[in-house]
Every structure is written in C-alpha cells, then in structure tokens.
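Have a look at the structure below before the remarks.
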Amino acid sequence: MLKLNRILLPNFPVYQNVSYSMYKHFAKHKLLLRNSNKVFVRNKKTNVTNLFVPVHIKPNADSGEGNVGQELTGGSIDKSEMVKVLNKFFQRQEIKVAAMDHGLDSYLQHQAYISFRRFCLEAQSLPVDLHVVMSDVIQGAGHVDDLFPQYLRHAKKMFPHLDCMDDLKKISDLRNPAEWYPNARSISRRIIFHAGPTNSGKTYHALERFLAADSGVYCGPLKMLATEVFKKSNDRSRQGQLFWTYEYYQQRPPEHDINSFWYK
Ligand SMILES: Nc1ncnc2c1ncn2[C@@H]1O[C@H](COP(=O)(O)OP(=O)(O)OP(=O)(O)O)[C@@H](O)[C@H]1O
C-alpha cells in the first residue's frame, strides 16, 4: 500500500511528505492533481483549470467518413450500445489516472467527457478511427480503454493549453528570479543595493547622487513620484525630460507600468 505521497502545495512550492490519511483526505475532496510521478494538492478556491474556457467542438455533419467506417466494420453503430460503452469508459479508474497524466484534472475530465459523449451521440458520422474502435468494443473485439486516444484527442481540441503545458509551466515559474532576463544579466553592470529602515534617508541619498551625476534615469512606479522628482531636478537647474512609459511605447500600457523621468 502507498504510505507516503509527495505533495506540492501550489502557493508554497516545497515538496513535503504527507501521511496516507492526509493523502486520502485530499483525494476524497478532489484536491489532488496528478502529474507523472508527482501529486499536487489543489486548492478548490484557486483551481486554475476553471479559467480555461473550452473550445466548442461541433459533432460532424455527414462528411462521408461514416461510410468508410461503416464499410470497414460492416454496419452502423447502435447509439444505445454506444452510450453503455461511453458510460463504462468514463467510470474506469485507469482512464481517470491516464487522463490526469495528460494534464486533465477531474474538472477538465468531466467537461471533456460530456463533450465527447455529445460528439459521439450527435454526430451523423464518426471519424473513421473512432467508428472502428467503437464498433470493435461493442462487438467484443476491443477493450473500452481503446477509446482513450480518441477521447484525449477530443479533450486536447477542447483545451489547447494541454499541448503547451510545459511552456506554460516554464513562463509561469517564478521561483528563480536570478535566472530571468539572461541578456540583461550578461551585461557587466554595477548595482548598488541601498538598504535601511523606513525614513532613514535611502531615497534622499539616492536622489542626491542622481542629481550630482552627469546623466541618469529615474524610474518610479507612480506618476506622482516621477513628477515630484522631475520638479525637484528642474529646481536644481537640471534639464530633463519626463515621460510615461505607456506614452513612450504608444501601445497598450505594459502590465507593470513604470513611469520614468530622465535627463542627460
Ligand atoms: N540627510 C538628510 N538631509 C535632509 N533631509 C533628509 C536627510 N535624510 C532624509 N531626509 C528627509 O527625511 C525624509 C525621509 O527620507 P527618505 O524618504 O529618503 O527615507 P527612506 O529611507 O527612503 O524612506 P522609505 O523607506 O519610507 O522609503 C524625507 O523627507 C527626506 O527629505
């Protein structure tokens, strides 16, 4: 029996060993996401899979493919038999685990299944491979699990992000800031880190140094601050230019806008 499981807390990315009873608690409340050999704890309130809007997949109109499928299998498929097969398919624990390994948590699986079922039942003709597999399963020549590739293909059409999960993970991984912006980091730069208690004069000294320099750029998160520094510099006879980054780029404002004042 599995005694310990590796759990990753999404907001606290440290692997932890948890007891089997805790694992069962998470499993019972559907708070687990499986990904290869790791098990992730999912917070219901922050389940990001809710954010993915499924692409609607229309059942096929008769494209002629059905005829090929029927020719290959020797007849059309009884819809009531198809329902039984689909119900059995979705109840299979092995299918749920395999789907999780491909990034489909229980929420996505449920949606994919409903859509797949509707697709199968409402289509005038099934894609040839699906028709053949379905026919084989109904006739006892195949196993219900054989439908998995077609189900997964359907799910990936509904949720295209499943095919770029690795890229998504990479760009949303904020754990190692030191590895961000490799080009900027490759430039040889001198960075002065100024630390001190509140009101101890950090900004004061930084601005004094800025005003004493031959050229410089002040970047601030607030327009008000940039304006204040601009005025202060002008009062000290420094001719500079004030600009707002979103005007500078003249496109949509960057998500984290920085307003700048610079002079040279
Ligand atoms: N050496 C100094 N001479 C004159 N005024 C100073 C001096 N040092 C600090 N001040 C004044 O003290 C106030 C607080 O300083 P400042 O804003 O630089 O602190 P800070 O460390 O940047 O604060 P915070 O951590 O809140 O950003 C400002 O009004 C600043 O002008």
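Atoms within each ligand, like the ligands themselves, are counted from 1 in listed order.
- Contact check on Glu122 versus Arg117 returns no salt bridge, with no Lys/Arg side-chain nitrogen under 4.0 Å from an Asp/Glu carboxylate oxygen.
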(message) With side-chain contact (heavy atoms from CB on, under 4.5 Å) as the criterion, how do Ser106 and Lys96 come out once you've worked through the C-alpha distance, each side chain's angles and the decisive distance to 0.1 Å?
(response) CA-CA 8 Å; Ser106 53; Lys96 291 177 182 172; over 6 Å; no
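- Within a 6.0 Å radius of NZ in Lys232, no more than 12 heavy atoms belonging to other residues, nucleotides or ligands are found.
- Counting only distance, with no hydrogens or angles, the side chain of Ser172 and the backbone of Leu168 share a donor-acceptor pair below 3.5 Å.
- With a 6.0 Å radius and a threshold of 12 heavy atoms from other residues, nucleotides or ligands, Lys202 has its NZ atom above the threshold.
- For an aromatic pair to be called close, the ring centres must be under 6.0 Å apart, and Phe159 with Phe52 fails this.
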Sub-3.5 Å pairs, protein N or O with ligand 1 N or O:
from	atom 1	to	atom 2	distance (Å)
ligand 1	3 (N)	Tyr204	OH	3.4
ligand 1	18 (O)	Thr203	N	3.2
ligand 1	18 (O)	Tyr204	N	2.8
ligand 1	19 (O)	Gly201	N	3.2
ligand 1	21 (O)	Ser200	N	3.2
ligand 1	21 (O)	Gly201	N	3.2
ligand 1	21 (O)	Lys202	N	3.1
ligand 1	21 (O)	Lys202	NZ	2.8
ligand 1	22 (O)	Thr203	N	2.9
ligand 1	22 (O)	Thr203	OG1	2.5
ligand 1	23 (O)	Asn199	N	3.0
ligand 1	25 (O)	Lys202	NZ	2.6

